[in-house]
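Written below as structure tokens is the structure these notes are about.
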There are 2 protein chains.
Amino acid sequence: MTAPQTPQVNSRQAALSQDASSKERLRLWLRMLRVTRQVEAALREKLRTEYDSTLPRFDVMAALLQAPNGLKMNELSKRLRVSNGNVTGIIDRLVEDGSVERIAIEGDRRATRVRLTPAGRDAFTLMAEAHEHWVNDLFEGVTAEDAHHIGELLHRLPTHTGAPS
Amino acid sequence: MTAPQTPQVNSRQAALSQDASSKERLRLWLRMLRVTRQVEAALREKLRTEYDSTLPRFDVMAALLQAPNGLKMNELSKRLRVSNGNVTGIIDRLVEDGSVERIAIEGDRRATRVRLTPAGRDAFTLMAEAHEHWVNDLFEGVTAEDAHHIGELLHRLPTHTGAPS
DNA sequence: TATAAAAAGTTTAAGCTTGAAATATATTCC
DNA sequence: GGAATATATTTCAAGCTTAAACTTTTTATA
């Protein structure tokens with residue numbers, strides 16, 4: 001009891017509030033995870049039953065819609081932030097059902113360009129519209145203002161954990 | 001040009017603001033998805049390289065830690081909101097490496113109880129502590145207040161899309 | 001110009017996930 | 001008691017995902 005107390009108390013308080021922040025952040029993360037999984041499950045189910053499709057296919061097609069001239073496999077996997085082996089498989093299946101085509105790139109026989117077929121574009125347009133409705137319904141309880149607000153706050157969350165944006 | 005215009009204009013305005021909300025909600029959803037995936041990827045990487053484990057294993061062990069007497073497969077899959085076939089596989093692997101044990105339930109030979117072994121409990125304790133640190137680091141830019149605030153807002157988001165909480 | 005290094009994609013092995021079918025046991029009810 | 005139904009779990013087929021190994025082609029460089 002004769003030792004100087006201030007530094008000890010300070011560091012203890014620091015440790016405590018550090019711990020409290022940590023717990024609060026952990027809670028936030030678990031909540032985000034729960035909500036995200038729930039929404040993903042609902043969307044997956046909808047895509048499956050109503051369009052016989054999947055979320056990964058939807059993501060790929062959404063990326064391809066933005067690039068009428070197609071994308072190289074490389075660009076696609078970077079844009080979606082998934083492994084290139086992953087993209088290979090998804091594209092294989094999209095080619096199989098006629099939504100996507102692989103196009104040779106003249107001047108580089110290693111690379112392939114990949115783009116939506118007209119049928120793929122049509123199919124995706126329908127799905128995308130439905131998708132927006134589903135999301136709108138799922139987020140029914142959130143006003144546009146709240147959505148905007150949460151979105152802004154989310155901006156401070158980790159977006160670039162090493163990977164480029 | 002001679003038809004009454006007011007109702008038409010009203011409905012057009014309604015459609016427009018409906019559309020704006022819808023777009024705002026879609027943006028929110030995409031942002032949530034992006035952040036969540038980024039954090040999940042970082043945590044998965046950490047669990048893999050530092051503990052030779054995975055997120056699903058972590059989730060299962062976390063659920064089991066709360067139930068010292070173990071849980072039935074059924075309860076586990078309900079609690080984690082994943083299919084029971086899924087849980088079977090994860091538990092198989094956890095049993096294989098000695099973290100979990102299956103226990104017969106007397107009086108019902110259909111069901112099994114599943115619980116952490118002492119080794120599993122120890123291993124999980126270490127991982128859980130590291131996990132909290134990782135999350136804390138990933139969410140570094142978020143103050144405890146912001147975390148709390150976002151968490152509150154997230155509460156209004158879909159939590160019960162049919163499934164029990 | 002040979003050879004090494006880099007780049008683009010695919011393949012592979014392992015694990016996660018689902019929905020549906022199958023198996024085994026328990027319960028209900030006639 | 002025995003048939004029908006319900007419950008608990010596993011198995012299966014298909015698809016997603018990753019990291020690592022591999023193949024092919026291009027580019028750099030000695």
Side-chain angles (χ1 to χ4, degrees), chain A residues 33 36-38 40-61 70-97 99-100 102-114 163, chain B residues 33 36-38 40-61 70-97 99-100 102-114 163:
Chain A
L33 192 56
T36 302
R37 282 184 179 169
Q38 207 110 45
E40 272 192 298
L43 294 177
R44 189 187 322 117
E45 165 78 1
K46 282 289 196 182
L47 278 176
R48 186 178 69 84
T49 58
E50 297 190 14
Y51 292 94
D52 191 25
S53 189
T54 68
L55 239 18
R57 277 163 160 87
F58 184 86
D59 290 344
V60 166
M61 294 175 89
L71 294 171
K72 291 200 292 181
M73 293 297 278
N74 228 350
E75 300 172 329
L76 198 46
S77 87
K78 240 174 245 149
R79 196 163 300 202
L80 299 174
R81 297 155 188 279
V82 299
S83 68
N84 35 10
N86 189 353
V87 175
T88 295
I90 297 170
I91 290 293
D92 281 351
R93 286 179 284 272
L94 284 172
V95 167
E96 205 172 334
D97 72 45
S99 298
V100 158
R102 283 189 165 97
I103 302 160
I105 289 183
E106 74 283 13
D108 190 344
R109 290 192 302 179
R110 294 169 303 181
T112 326
R113 213 144 38 77
V114 134
Chain B
L33 193 55
T36 303
R37 282 184 180 169
Q38 206 109 46
E40 272 193 297
L43 295 176
R44 189 187 322 119
E45 166 78 1
K46 283 289 196 181
L47 277 176
R48 186 179 69 86
T49 59
E50 298 190 14
Y51 292 94
D52 190 26
S53 189
T54 68
L55 239 19
R57 277 163 160 88
F58 184 86
D59 290 344
V60 165
M61 293 175 89
L71 292 171
K72 291 199 293 179
M73 294 297 278
N74 228 350
E75 300 172 329
L76 198 46
S77 86
K78 239 174 245 151
R79 196 163 299 201
L80 299 174
R81 296 155 187 280
V82 298
S83 68
N84 32 12
N86 189 354
V87 175
T88 296
I90 298 169
I91 291 294
D92 282 350
R93 287 178 284 272
L94 285 172
V95 167
E96 205 172 335
D97 73 45
S99 299
V100 158
R102 283 190 165 97
I103 303 158
I105 290 183
E106 74 284 11
D108 190 343
R109 291 193 300 181
R110 293 170 302 181
T112 327
R113 213 145 36 79
V114 134

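- Across the protein-nucleic acid pair, B:D52 atom CG and C:dG15 atom P stand 9 Å apart, rounded to whole Å.
- Under 4.0 angstrom from either OP1 or OP2 of C:dG9 there lies no side-chain N or O belonging to A:K72.
- Separating the CD1 atom of A:I103 from the P atom of C:dG9 is a distance of 13 Å, rounded to the nearest angstrom.
- Comparing D:dT10, C:dA8, C:dT18 by their nearest atom to the side chain of B:M73 picks out D:dT10.
- We find that CZ of B:R102 is positioned 16 Å from P of D:dA8, with the value rounded to whole Å.
- Counting only heavy atoms from C-beta on, A:E45 has its side chain closest to C:dG19 among C:dG19, D:dA20, D:dT9.
- A search for salt bridge (Lys or Arg N to Asp or Glu O under 4.0 Å) contacts involving A:K46 returns A:E50, not counting sequence neighbours.
- Atom pair A:L76:CG and D:dC16:P shows a separation of 13 Å (rounding to whole Å applied).
- Atom CG of B:D59 is separated from atom C1' of C:dG15 by 14 Å (rounded to the nearest Å).
- Taking CZ of B:R110 as the start and CG of B:N74 as the end, the distance is 9.5 Å to the nearest 0.5 Å.
- Contact annotation for A:N74: backbone-only contact, meaning every heavy-atom pair under 4.0 Å involves sugar-phosphate atoms and none involves a base.
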Open item on the list: Output one letter per nucleotide in nucleotides 21-27 of chain D: B when a protein non-hydrogen atom lies under 4.0 Å from the base, S when only the sugar-phosphate is that close, - when neither is.
Closed with: ----BS-
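- Rounding to the nearest 0.5 angstrom, the gap separating the CD1 atom in B:I90 from the OG atom in B:S77 is 10.5 Å.
- Nucleic acid contact for A:R57: sugar-phosphate only, since backbone atoms but no base atoms lie under 4.0 Å from a heavy atom of the residue.
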Which atoms of nucleotides 2-4 of chain D (N or O only) lie under 3.5 Å from a protein N or O atom, and what are those distances?
none

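- Rounded to whole Å, atom P of D:dT18 lies 18 Å from atom NZ of B:K46.
- Taking every heavy atom of residues 88-96 of chain A and every atom of DNA chain D, pairs under 4.0 Å involve A:I90, A:R93, by number.
- In terms of phosphate contacts, B:N86 brings no side-chain nitrogen or oxygen within less than 4.0 Å of OP1 or OP2 of C:dC16.
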TODO: Begin with the C-alpha distance, continue with both residues' side-chain angles, and end with the deciding distance and a verdict on salt bridge (charged side-chain N to carboxylate O under 4.0 Å, His left out) for A:E75 and A:K78.
DONE: CA-CA 5 Å; A:E75 300 172 329; A:K78 240 174 245 149; over 6 Å; no
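- The existence of a salt bridge linking B:R37 and B:E40 is excluded, since no basic side-chain nitrogen approaches an acidic carboxylate oxygen closer than 4.0 Å.
- Residues A:R48 and A:R113 both approach DNA chain C. Their nearest nucleotides, taken by heavy-atom distance, put A:R113 toward the 5′ side.
- For C:dC16, one of the phosphate oxygens OP1 or OP2 lies less than 4.0 angstrom from a side-chain nitrogen or oxygen of B:T54.
- Ion pair B:E96/B:R93 not flagged as a salt bridge, since none of the NZ, NE, NH1 or NH2 atoms sits closer than 4.0 Å to an Asp/Glu carboxylate oxygen.
- Between the P atom of C:dT18 and the CD atom of A:Q38 lies a distance of 12 Å, rounded to the nearest Å.
- Distance, B:R44 CZ to D:dT17 P: 9 Å, rounded to whole Å.
- Annotation: side-chain contact (heavy atoms from CB on, under 4.5 Å) contacts of A:V114 (sequence neighbours excluded): A:L64, A:M73, A:L76, A:I91, A:V100, A:R102.
- The distance from atom OG1 of A:T112 to atom CD1 of A:I105, rounded to the nearest 0.5 Å, is 6.5 Å.
- When the shell of 6.0 Å around CZ of A:R79 is examined, it contains 12 or fewer heavy atoms from other residues, nucleotides or ligands.
- Of the inter-residue distances, the one linking A:L33 atom CG with B:L55 atom CG reads 7.5 Å to the nearest 0.5 angstrom.
- Within the nucleic acid shown, A:V87 has no heavy atom closer than 4.0 Å to any nucleic acid atom.
- Every side-chain hydrogen bond (donor to acceptor under 3.5 Å, both in side chains) that A:T36 has, sequence neighbours left out, goes to B:T36.
- Put simply, the residue from B:T88, B:V82, B:N84 that forms a side chain to side chain contact (heavy atoms under 4.5 Å, CB included) with B:N86 is B:V82.
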